[in-house]
Structures are given as C-alpha cells and as structure tokens.
Amino acid sequence: MKKGTRRISLSLLHIWIFLNLVLISTAAGGGGEILFDFEPPFDVKTAITQDAKAELVEREGNTLLRINMAHIEGRAGVALKAPKGKWDLTNYRAVALDVKNIGNKAVTVACRLDNPGEKDVKNYMSGDVENCITGYVRLKPEESKTLKVFLYVTPWRFAEPVKLVGMWGKPGVSDKIDPAGVTQLLLLPFENYDYLPKPDIAIEVDNIRAEGELKTRDTETFFPFIDKFGQFIHADWPGKTRDEKDLKERARTEKKDLENHSGPRGWNRYGGWKNGPRLEATGFFRAEKHKGKWWLVDPEGRLFWSLGIDCVPFDADFIMTPLTDREHYFKDLPERDSPFGRFYGKNSSADLGGYYKGKGTYKTFAFSESNLLRKYGKDYKALCMELTHRRLRSWGQNTIGGWSDGRTKALRKTPYVTTIDYYSSRKIEGSKKSLGVKFPDPFSPDFRTDLRERLERERAGFGRWSFRLGKHVHNEELGGFASDPWCLGIFVDNELPWAWGEEISLALASLASPPDQPAKIAFLEDLKNKYKEIQDLNDAWGTDHASWKDLLRTTETPDEKKAGPDLRDFYTRIAEEYFRVCRGEVKRASPNHLYLGCRFQQCNDRAVRAAAKYCDLLSYNPYCYDVSEYRPPSGIDMPAIIGEFQFGAIDRGMFGSALVAAENQQDRAAKYKSYVQGALRNPFYVGAHWFMYLSFNTTGEPWGANFQTGFVDVCDTPYDEIVQAAREMGNILYEYRLKN
C-alpha cells in the first residue's frame, strides 16, 4: 500500500459510516437472483396445478413455462415451490417475471408470493390476504410485459424494525409478507367479478427473478416524516409543495389553465351532448336506449353519459388523519391558538376497522383543509365550491359522484347523485360484514321507516353525518332535491355483503340469526307454507327438528346441498324484498329521479336479477382494469352505471397505490383512459365515477386507507397526467360512445 492510500481509505470509510447512520447505507441485491428460468434441470412435474396445465416449450433456444388456466368453479392456478423449502429475498425489492399472453383475449394475470401458513395442496389456491402479497398485469393478445410483486413498498428498508400504525400502506417492507421466508410463488387468473367475463388464460412465463436495488434508511432520523403540509418529508417529486409561495403560485397558474380549458365545447349546461340527437325533454334525467346502446337523457332531452368524480368535499369529517399515538410522525403542526388550530378535531369512528377501532376518542388534524386556507385565504370554502365546478367541467367531468359536499351540489352547476347510507335499522345478525356493516334485514319494520327518515332528512338538507359534531349537519340550500333537475338519481347503500358468487349466503345467515330475527321468521313462514309439517322438512333437509319452534330457536345451519333449493329461493326473496322496499321509498320521496341501486361489489346472478326488477339502473363498483365485456345476466337488457373505479401509484410521496395499482402517474393516466374507453364501448354502461376527488392522507384516514387515488393531492395540486387524460376523454366522450 502506498503512502497516503490508507488515509484516503479511512476517510471514505468514515463518510460511508456517516451516511449509513444519518440517512442511507449501501445498496443490496442490485445484481438480482434467478428463481426459475425453466432450463434443465427444472422438472415441470414439480409445478402444482389446479384447473390448469403447465408444460415446457422451446422458443428461439430458450425454455419457457406455458400455462393454460380455465375459469371454472374454484380457483385455477399454478404453484411453484421454493426448491429448498423457502427463498430468503430480504435483499431484494421485488419479484419479477416476463409474461406473454398467447391467447386471443385480453387477460389479467396475478402472481402471488406466500409465507408459511398456507393450507394443504387442495386448498393452496385460497384467496387469504394474510401471509401473502400479489401483483397483477393486464395483457392484450400477443402482448408481453414484466409482472412485478413488490416485497418492499419503497426502494429502501429500515435499518431496524419500526412500528408504524394506522396506515394500510407503509414504507419499507409490506406487513403482509416476510421476505426471508417465501415458500412458493403462484400464478393465477385475476379474481374477476362475477358480472365480468372470465376468459381462459394462455400465457408463457420466463425469467422469474428477485431484483431491485434496495437501500437502508436509519430509523431514528426517519421521524418526523410528514411536513406541515401533510407531505412525505424524505422524498421529492414533481408538484411537491415546498412553501406557501408554491401554493399561491399554483393557484394563479391554475386560474390561467382553467381559463384556457373551460370544458368540452359540444356540451350543454348539464354536460349533455348539445349537438347530438334531440330526444324528448322531460325536465329530469332518465335512461333510454338509442341506436342499440343505453344512454342517459338529460333534462333538455340531450344524450348524456355520466363521467364523474366521487367525494368532492373539503369537510374535515372526510379528510382528517389521526394524531393520537402518532404525534412523532408530524413536523411543525400548528399551535392550537393559531388560525390553523380550527383544523384539529376529535373522532371516535373506526367502523371499517384498523388501528383505532375500539380505542375510543382520538385526536385528528385536517391537512388538506388547512392548505386550502393557506392557498385561498379566509373565504376558501365559498371559493372552493365554485372552483370545484370549474375544475370538473375543465377536466371533462359532468357529474358530481357519491358522498360529495351538499353545499357544492346546491350551487346546481354540475349534475349530481344523491347517496343514502349508514341508516341504523336492524341487520341480519348472522350475515358477514362489508365495509363494517352487516346486511340490512328488509323484513324488519324499521328498515322501511329508517330509510324513509333518511330520505326525508336528505330532502330537507340534513344529509350528512358529522363525526366532529355528532349529529346530522345542514347542507345549506340543498333541500328540495326531489324537484331538482340537476339531481341525476339516488343510490341506496354501497357494496353490501351479497357474497361472491354464493346464492345461499343470506338465507344461511338468516337461519344462523336469533329467533326474533324478522328475516328468519319470514323464512320459516315460507317453509311452513311449502312443507306444512316439520317432518316433511326434516325428510328433505336431512334434519331432526322436533318442531317449527325448535327450528326457530336453533342457529345451526342445514346441509347446503340438501337444503339448497330452499336456501336459494329465500336468498332471492331477501334480495327482492330489499330492492322492492328501497324502490318504494325512493320513489315516494323523489318520484322524478332514477333509483340507481346499491353499487354491487360482491354479487351474484340472483342479487342482480332482483335489482333488475326494481332499479332503474344496475350499479357496480368494478375495481379492475377493463369493463368493456360486461354483460348483465341473460335475458336482462337494462342500463348500468359504475359507482367507483380508481388507479393509483406511489411515485408522488405516498405509500398506498390504490385497490388497482399503476406503475406511475403516466401509467395511471393511461389506465384511466383505457378504462373509460372500455366503458364507453360497452352498450350497457351509461356512466363511470372515479373514486375520488382528493387523495387520502399519506398517514391514512381513521380506518387506515392512504391511497393515492385523487385528482388533486393534499395541497390541492391537481395531478396533471390524469387531468390531461380526463380532458381528452371528455372532449371525445359522445363521438367515441356513438361510433365505437
């Protein structure tokens, strides 16, 4: 070693140690590791298949794994076990694989990584969300892409374990997987909804590898990690707000942008097709079939396709993030006696679960509303209500979707939907929960009376429940929506637990409920009318009930095959009674408006057929990549509307992408366009509403959701990529619908 070399080496070492302690250490896993390349000595017999076929094929001197999967009852797929029992993938950010669609239909392929805890071979395709993570890729025929499953949400990991609570998406390693103990990799069809077609999948897979440079961040210097604007401190991105001057400057820039992009030229005041066909004008929205496709028709008789955004309030009830047990997350929170002290609050709601469920009252802060005060001044509320309408029009949107601010809707500048939910009538106690709520019992007398009261409160302008105030709050001047031509229609409920594909779930839930459950009593009355004597029921079901009272008292459920016909019949009766009562009350309160249904997430043909008997439109929340092939059950020809869809990415300082992920903002915009185009090509859809206007907080809402799903961020800065995509779709909306 030459003189002086040791001194230089020690200096570099000191720098390296300093960087490791203060911020980031050396990269790990940059070279990658091949898990399967399917070359010899790989034995295809080691691939475990379920309703699938796996074989090796040669292509241009390379060996590929060809997989054919059929969408039949059960879940198809192929499992590849770790050759030595497990992989230690601690030093890699993601597992990646090259996939080609060799079929003639577009398909979505999923790759799932598992930790120990999976069941035996018969059950290994279970959709359990614990101890596993999944990635997806959408492929057109003959298209090739790289599918990635991210072990780490961020391109870095913590130097030591760190506790982060109240957030679904977290920096560092996913809390659903231990990278050191991955036991198998599964290739699966994307779990499509029952109301979307399920094409067979034919793919070729190669080069399954662990990859991705992964850095290490010091835990102690990570906190606090949220700045005074509610943004992630330890990253930079286009559009990040650095000071209040940025907020003011962006307000001025956007004002000019909105002046230059006032909205699609061919729209009338409602957003209908001003220069398109003219139909009968009734003064209210309705649905009508025109030239083989379903449309909405606006109050002036113009064709209307509802393109909108959900959740456009700026009320702190919906945008607060919890502080309790997490004060160390936040830097420069305002003093309580400052002008921004008004945005502190308290909450006790955590119906959807998460860290704060059962913890009583907790403190909150509303970053997005505090940023509006900084950006627009003390009159920000009135200004933002007007701005919302200008933005929507400029962005090619003609509808204010569900759960939106009543005061903004009351300006009557953009058509809107009304949403009735969270009423307190009795539920079927044996049913499962969806979004924290069990299925309402439509046979209970308070189902009708409570729904009627909620509709009346909405008509009077008391539609929103304030968690801060603990009561319904008045939506100024919204009263009288029953005669309002700007109201497109009324949703009742959202994503009820109808059960995925199961046609007996609600009937079983009724039998599993207490003796005084109205639905259970109604079921027994039906059974008495059919079987007359209890022994006749016992003979059919293979049961030994001593009497009808004995059946009423028990909460045990019968053999599903033997009792299947009766269970299916009563499931239908529950569904029809639910929609019958809802329609009656909606039309009683607002006879001029469309009854839009309940926005199916879980559903089956029986539920949809019941909805078709009573709803003016079918409604769905299909969180997926493509809806162009949707069809209602056979024999049903009626319009449908999409109540929610979304795509999100984590390239702008957030840790939760969305229920359907995108790679980055450019990919999010492309997926938005593709989704809307698919809905426009579909002859049944008459609208699609994006969820939602404002991205969630980086640190999560009270239930933990922290997805990047908005058109604007926490600082009220529009995401330019998706805005431009939405404008493009708005400008071609009607011509595209008519011609495709």
Side-chain angles (χ1 to χ4, degrees), residues 28-70 75-103 107-121 124-126 131-139 143-152 173-174 176-190 201-214:
E33 175 185 345
I34 297 295
L35 305 183
F36 293 105
D37 63 3
F38 306 111
E39 303 294 337
F42 176 79
D43 183 359
V44 73
K45 294 180 181 178
T46 62
I48 304 172
T49 62
Q50 179 171 306
D51 298 328
K53 179 182 178 182
E55 59 181 334
L56 297 178
V57 295
E58 296 289 332
R59 190 180 300 281
E60 298 178 354
N62 193 29
T63 305
L64 310 171
L65 182 67
R66 178 176 291 172
I67 298 172
N68 291 85
M69 294 182 279
R75 192 172 186 188
V78 174
L80 299 172
K81 300 280 187 179
K84 296 181 180 180
K86 69 175 183 178
W87 292 293
D88 183 354
L89 306 180
T90 307
N91 293 328
Y92 303 102
R93 189 184 180 195
V95 168
L97 53 150
D98 301 327
V99 187
K100 180 179 181 179
N101 178 12
I102 59 173
V107 296
T108 303
V109 180
C111 178
R112 198 180 87 193
L113 305 179
D114 288 348
N115 278 156
E118 288 300 307
K119 306 298 181 182
D120 59 21
V121 174
Y124 78 91
M125 294 295 175
S126 68
N131 303 315
C132 66
I133 54 173
T134 307
Y136 307 94
V137 66
R138 179 76 175 172
L139 297 165
E143 187 176 21
S144 299
K145 285 185 179 179
T146 298
L147 193 167
K148 290 188 178 183
V149 188
F150 286 95
L151 297 154
Y152 293 84
V173 68
S174 168
K176 296 292 184 182
I177 196 81
D178 174 12
V182 178
T183 57
Q184 65 179 5
L185 176 151
L186 287 78
L187 296 166
L188 310 159
F190 181 71
I201 291 178
I203 56 174
E204 289 179 347
V205 178
D206 195 18
N207 193 22
I208 301 178
R209 69 265 185 197
E211 66 176 25
E213 184 180 24
L214 193 64

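Only this structure's heavy atoms are used, side chains among them; waters, hydrogens and symmetry mates stay out.
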Original post:
Is the shortest heavy-atom distance from the side chain of Val109 to the side chain of Phe190 under 4.5 Å?
Top reply: no
Subject >> Distance-minimising heavy-atom pair for Asp51 and Ala76 >> reply: O-CB, 3.4 Å
**OP:** Say whether, by atom type as modelled, one donor and one acceptor occur between the side chain of Lys145 and the main chain of Arg138 under 3.5 angstrom.
**Re:** yes
Original post:
Do NZ/NE/NH1/NH2 and the carboxylate oxygens of Arg209 and Asp98 come within less than 4.0 Å?
Top reply: yes
**OP:** To the nearest 0.5 Å, tell me how far Ile133 CD1 sits from Leu113 CG.
**Re:** 5.0 Å
Original post:
Do Phe36 and Thr46 come within less than 4.5 Å of each other through their side chains, counting heavy atoms only?
Top reply: no
**OP:** For Tyr136 and Leu147, indicate whether the former's side chain and the latter's backbone hold a donor-acceptor pair under 3.5 Å.
**Re:** no
Original post:
Going by heavy atoms in the side chains, are Asn115 and Val182 under 4.5 Å from each other?
Top reply: yes
Original post:
Does some side-chain heavy atom of Tyr92 sit less than 4.5 Å from a side-chain heavy atom of Leu214?
Top reply: no
Original post:
Is the shortest heavy-atom distance from the side chain of Val95 to the side chain of Trp87 under 4.5 Å?
Top reply: no
Original post:
Does any non-hydrogen side-chain atom of Ile201 lie less than 4.5 Å from one of Ile67?
Top reply: no
Original post:
Between Met69 and Leu187, which heavy-atom pair has the shortest distance, and what is it?
Top reply: SD-O, 3.6 Å
Subject >> Close side-chain approach of Leu97 to Cys111, heavy-atom, < 4.5 Å >> reply: yes
Original post:
Should the pair Glu211-Lys148 be classified as a salt bridge under the 4.0 Å nitrogen-to-oxygen rule?
Top reply: yes
Subject >> Pairing of Glu204 and Arg66 as salt bridge, 4.0 angstrom limit >> reply: yes
**OP:** Walk me through it: do Gln184 and Asp114 pass the test side chain to side chain donor-acceptor pair (under 3.5 Å)?
**Re:** CA-CA 6 Å; Gln184 65 179 5; Asp114 288 348; 2.7 Å; yes
**OP:** For residues Leu65 and Glu55, determine if any side-chain heavy atom of one lies less than 4.5 Å from a side-chain heavy atom of the other.
**Re:** no
Subject >> Atom of Val78, atom of Ala47 and distance for their closest heavy-atom approach >> reply: CG1-CB, 4.0 Å
Original post:
Where do Ile208 and Leu80 land on the side-chain contact (heavy atoms from CB on, under 4.5 Å) test, with the steps shown first?
Top reply: CA-CA 11 Å; Ile208 301 178; Leu80 299 172; 3.9 Å; yes
